[in-house]
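By convention here, the first residue in the shown sequence is residue 1. Since the model is a prediction, treat every value here as computed from it, not as a measurement.
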Amino acid sequence: MRELLAVGRRHVHEVMVATDMDDSPIVAEIVDIAYDRRIKVTEVSKRRLDAEAISEAPQGVLALAAPLKPVEIEDLLEGSGTPFLLVLDGITDPGNLGAILRTAEGAGVSGVVMPRHRAARVTPTVAKAAAGAIEHLRIAQVGGLPAALQLLGERKVWRIGLHGPAKDRLFDLKVADEPVALVLGAEGKGVSRLVRERCDQLVSIPILGELESLNVAAAGALALYEVVRARS
């Protein structure tokens with residue numbers, strides 16, 4: 001929530017604070033920022049705050065804010081620097097989605113592309129797991145990922161899919177320092193067939209133990225920072 005108030009991309013209608021909880025430095029900082037931005041601060045009981053909250057365990061403070069405004073996919077290619085996009089193909093677990101978005105922001109991605117349907121959306125639960133990252137990320141929601149990837153290809157963006165059976169290794173990726181869109185698939189089934197067909201290259205993470213694959217959030221973190229490593 002601190003990032004929500006500090007960044008100021010979204011209008012915050014009200015901040016609610018539970019009066020019957022122990023003092024917390026972060027809550028005090030949130031209240032100070034709210035006062036500085038002339039946002040209404042209301043003191044309520046913890047019971048009422050919990051009842052108002054959509055996510056679990058609001059930790060004594062709750063903000064009523066406008067929803068995120070998605071951007072157009074073309075907007076993600078604008079601005080300075082070489083585009084570094086993250087494309088998410090049907091990730092359904094809110095915890096995984098939040099963790100991936102947090103890593104993406106830390107890795108400096110210039111934008112995220114997500115499907116509108118059959119996938120987790122950016123809910124308060126996802127926002128909490130992302131630890132403020134959604135306030136900094138530009139997110140485009142599209143009707144179909146294959147068409148979105150087709151557009152990225154036309155704009156000279158390399159489309160790299162993370163796919164377990166792929167013969168090419170992530171660590172041998174040759175185009176990481178060019179305009180690139182890293183594609184992560186859903187938990188379990190991975191990148192869908194139509195999306196794989198739109199990728200320029202499929203790469204895998206070597207698995208040396210007995211398990212078949214990594215959690216998508218862990219795999220995404222490795223892949224994102226491999227691009228960072230190549231660029232630096």
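- Side chain of D75 to main chain of E72: a donor-acceptor pair is present (N/O by atom type, distance under 3.5 Å, no hydrogens or angles).
- Contact of the L85 side chain with the V112 side chain is not registered, since no non-hydrogen atoms from C-beta on lie closer than 4.5 Å.
- Formation of a donor-acceptor pair under 3.5 Å by the R198 side chain with backbone atoms of Q150 is not found in this model.
- A donor-acceptor distance shorter than 3.5 angstrom exists from the side chain of R159 to the backbone of L149, with no hydrogens or angles considered.
- To the nearest 0.5 Å, atom CG of residue L202 and atom CD of residue E197 are 10.0 Å apart.
- Transitive grouping of hydrophobic side chains (ILVMFWY, heavy atoms separated by less than 4.5 Å) brings I207 and L162 into a common cluster.
- The pair R231-D177 does not count as a salt bridge, with every side-chain nitrogen at least 4.0 angstrom from each carboxylate oxygen.
- Here the side chains of Q141 and L68 are not in contact, with every heavy-atom distance at 4.5 Å or above.
- Here the straight-line distance linking atom CG of L145 with atom NE2 of H117 works out to 11.0 Å at 0.5 Å rounding.
- Two residues are said to be in side-chain contact when any heavy atoms from C-beta on lie closer than 4.5 Å; V142 and M114 fail this criterion.
- A salt bridge links R169 and D172; the closest N-O separation between the charged side-chain nitrogens and carboxylate oxygens is under 4.0 Å.
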Could you go step by step and tell me if T92 and E187 meet the side-chain hydrogen bond (donor to acceptor under 3.5 Å, both in side chains) rule?
CA-CA 7 Å; T92 58; E187 303 90 342; 3.3 Å; yes
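- How far CD of E52 is from CD of E14: 8.5 Å, rounded to the nearest 0.5 Å.
- At distances below 3.5 Å, at least one donor-acceptor pair connects side-chain atoms of S110 with backbone N or O atoms of F84.
- Side-chain contact between V27 and V17 is present, with heavy atoms from C-beta onward closer than 4.5 Å.
- Contact annotation: the side chain of V183 approaches that of V195 to within less than 4.5 Å [non-hydrogen atoms, C-beta and beyond].
- Heavy atoms from other residues, nucleotides or ligands lying under 6.0 Å from CZ of R9 number more than 12.
- Here the side chain of D89 pairs a donor or acceptor atom with the backbone of S192 at under 3.5 angstrom.
- Rounded to the nearest 0.5 angstrom, I30 CD1 and L5 CG are separated by 6.5 Å.
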Does the side-chain hydrogen bond (donor to acceptor under 3.5 Å, both in side chains) test come out yes or no for E43 and T19, once each step is laid out?
CA-CA 6 Å; E43 294 184 347; T19 57; 5.7 Å; no
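- Between V203 and H163, every side-chain heavy-atom pair lies at or beyond the 4.5 Å cut-off.
- Using a 4.5 Å cut-off on side-chain heavy atoms (C-beta onward), L86 and I100 make contact.
- For L184 against V191, the heavy-atom pair with the smallest separation is C-CG2, 4.1 Å.
- Closest heavy-atom contact between L224 and A107: CB-CB, 4.1 Å.
- Here the straight-line distance linking atom CG of L151 with atom CG of L77 works out to 7.0 Å at 0.5 Å rounding.
- Contact annotation: the side chain of F171 approaches that of E226 to within less than 4.5 Å [non-hydrogen atoms, C-beta and beyond].
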Is there a side-chain contact (heavy atoms from CB on, under 4.5 Å) between W158 and L152? Walk through the geometry before answering.
CA-CA 8 Å; W158 287 96; L152 292 178; over 6 Å; no
